[in-house]
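Working notes for the structure below.
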Amino acid sequence: MSDRYNPQEIDGKWQQRWAEDKLYQVSEDDPRPKWYALTMFPYTSGDLHIGHWYAMAPSDVHARFKRMRGYNVLHPMGFDAFGLPAENAAIKRGIHPFTWTMKNIENMRCQLKSIGAIYDWSREAVTCLPEYYQWTQWFFLKLYHAGLAYRAKAPVNWCPHCQTVLANEQVVGSGVCERCGTAVTRRDLEQWFFRITRYADELMEHRSIDWPERIKTMQRNWIGRSTGTELSFALDHPGVEEKEIRVFTTRPDTAFGVTFMVLAPEHPLVTRLVSPDRRAAVEEYVARSRQQNDIERLSTERERDGVFTGAYAINRLNGERVSIWIADYVLMGYGTGAVMAVPAHDTRDFDFASKYNLPIKVVIAPAGWQGEELEEAYTEPGIMVNSAQFTGLPSQQGMDAISDFLEEKGWGKRTITYRLRDWLISRQRYWGAPIPIIYCDSCGIVPVTEKDLPVLLPEDAEFKPTGESPLKYNRQFVNTTCPQCSAPARRETDTMDTFMCSSWYFLRYASPGCHSAPFDRRLKYWLPVDLYTGGAEHAVMHLLYARFFIKAIRDMGLVDFDEPFTRLFNQGTIIAQKHKMSKSRGNVVTPDGYVSELGADTVRVYLMFIGPWEQGGEWNDSGISGISRWLNRVCGLVVEEYQMKPEAVTGDNKVRGDLQRATHQTIRKVTEDMERLRFNTMVAALMEFTNHLAKVKESGGLAASAWKEAIDALLLLLAPSVPHLAEELWMRTGHEYSIHNQRWPEWDETLAEDEEITLVIQVNGKLRDRIAVPASITEVEARQLAAESTRVKPYLQGKEALKTIYVPGRLVNIVVK
RNA sequence: GCCGGGAUGGCGGAACUGGCAGACGCAGCGGACUUAAAAUCCGCCGGAGCAAUCCUUGUGGGUUCGAGUCCCACUCCCGGCACCA
């Protein structure tokens, strides 16, 4: 075997050996503390690109590090296998989605194996297999029985391209489909929802978890909790049963400033309130806003418009009659779908009032206000005016005072509203887990009984997208009998959102092979996940759903923890040609060529080295040769015989001390960087150490035993990053297999301490000299040396020394005038 | 518009808690080895200047003995949210 780094020879060899020895198979029966390191599983789109490797290689390095630090590490892998892209790809190619997906999995599994990770493949989870989705369905039933799954007719997001409905979270940007980027439209459909809103308050709370601030903020914004007051306006319309319209406001203090009301076009009262002369205009407006997609409707560029209904309501606080309008800037899905308009103190209402010449009544006085008309809405706090008995109060107090008053009178109530909507999980597509529900003409909605799970996805469905679930046309699937009355009945033909599958996959890894339940008591050992790594794009989708899911099953007594992922870390995105890699964009860079040519270890290190992990960056392979060169040098350093020069025997001490110090400093640095997931500087430290070793070797001034100690430390520190090469060199240096079962080296703080430091001497903060001094130097000595420095003296000439600052171990700064 | 994150050599990036700016690597330049090339090894490598020295962390101000780091204002880039009453 050559002395050079030869990845083609060693990568496969060790991967095979590790697999044969089941080196990375983990068990719960282990005295070490557990560590559950999870990387978001990939979608089965075909093959893995560099972006996937960027997610997986560094997390594997960290998991290996934890393993060497004495943890029993679970680092599993699986496949997110249901969903639209597979179905679309299958349609395009005329292959069955199952065939397509399984072929992709095989390929991806192969790629994943080539990176040399410690995945325990015996725990693999594949969401599209009946043995998995049976439990997805089982959880659906649990949620159903707990009252957390319900069916309702609602205006929902419809993607015309994907031909299915989408959850709110899956509509991104200015109202486009998260998957395909098509503008989403509205449809009124009867769909299945999960009651995630019941957990809104708890989901707002991230106190017990260590997550990036950014993600926590995104989740909080998404949930959008706002506190305010719901109050009613009196209605008196002949033929209209309702005697009030309820509105939600966060500004009850402005209630005396209401000059009109606005209802959402979809508001149920609209058709009944509209006066005959306004009916045509109102109907036209309603029809128009229904047609518009969210991009048009929600665009803030567009001027707000609306129409008068011809109806009026009474502001109970002051008895004033206010006109009722409809406008599409009021959303049916938020609050009560109706707002009180206070143009003086709300920018939207101000614009609307200006456009339609509606009155503007000031009730919160800006500082120095003399009763003049406002140029724009005044939205800040101030002193209340024109507000009957509340006049003169600061508006913040007014909020409480008016809320109290409304509650006393029974006209209103303090409330909390959320932006978060219930999670819509129905999908009118084939490639997903069937919703285990049966419709019976006499019994209504009947859940499938547990023992009848899984509801198998039939293989022979016509899976073309028709806008209706393809399963609808599969009579064998649809026709069944009612579990309650045994009469002929129909199955639900929609499938579940794939985010349902990914809301619990991390539980399955903890209980592979469990056939009687989704998981068994082994779950208690592993969960929650200690470190979850993946992309930030899942902030308000997967990460929110999974939290909801765990809280829901916790309340059923199925698990005993509150949060699935104790610590979350988002690696950055690898981009190519300014864009995130994606098949549709055609800018995908495959790792395979790099791996086969330069070795898995080289690619692993390069991905860590390009920059801070959380930052990501543009893919550029120009630096990868530096990693190859380095690993080659490491190889030469370790493999080629070390020889002490005879004349060096007496000079041994200094070289030895320096090397020992470098060794311990490197152990410290690498350990600390590993803990903080600072892989780029960790690699740099190892390179520096290698450079130091090369100089030592060149000098030949060291006893062979000391040399060997340093090399051993180097190999151990390298092991998580370059598992194949480290294993090879470990063997070549005469150690016992396997380096991956060794303990991580410890550093000794005293041995790591510098003996000599560079003392920087400044005059007025400018660097003037640096001198090498013993680390033990005293302040007095340092000040004296500084004052005596010949390079410093000219700057002190003829100046008055005001003071001298001394920073131990760093510098002396002489301040002169 | 609002909320995050960021801006440092030709490039990716480093810099503890306010204390030597540019670690480590890429590219480049020079040299050694070689018939030659590749590979490898050694040296140089922010800008200006012969030099002493001066300038330099997006821009402008401030605090400090001392600022890439702290404060204020601004510009640009990236990400998220965006009529949420």
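Quick note on labels: first sequence line is chain A, next is B, and so on, each numbered from 1. Since we're looking at a predicted model, the values are computed, not measured.
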**Request:** Scan A:Ile610 against the nucleic acid and name what it touches under 4.0 Å (heavy atoms): base, sugar-phosphate only, or nothing.
**Result:** sugar-phosphate

**Message:** Regarding A:Arg214, tell me which of base, sugar-phosphate or nothing describes its non-hydrogen contacts under 4.0 Å with the strands shown.
**Reply:** sugar-phosphate

**Request:** Please confirm whether A:Phe352 and A:Trp325 have ring centers closer than 6.0 angstrom.
**Result:**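 Between A:Trp325 and A:Phe352, which both carry aromatic rings, the centre distance is below 6.0 Å.
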
**Output field: ring centroids A:Tyr606/A:Trp619 closer than 6.0 Å** = yes

**Asked** Quick one: does A:Arg629 reach the base of B:C26 with a side-chain donor-acceptor pair under 3.5 Å?
**Response**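 Per atom types, no contact qualifies.
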
**Item:** Among B:A82, B:C54, B:C3, the nucleotide that comes nearest once only the side chain of A:Arg768 is considered
**Value:** B:C54

[N], OP1 or OP2 - any side-chain N/O from [X] closer than 4.0 Å?
| X | N | result |
| --- | --- | --- |
| A:Ser226 | B:A85 | yes |
| A:Tyr5 | B:U40 | no |
| A:Gln762 | B:C65 | no |

**Fill in**
Between A:Val815 and A:Gly616, whichever has its closest RNA chain B nucleotide further toward 5' is A:Gly616

**Asked** Between OG1 of A:Thr666 and CG of A:Leu693, what distance do you get to the nearest 0.5 Å?
**Response**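 Answer rounded to 0.5 Å: 8.0 Å.
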
**Request:** Based on the glycosidic angle (syn within 90° of 0, else anti), state the conformation of B:G68.
**Result:**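 Anti conformation for B:G68.
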
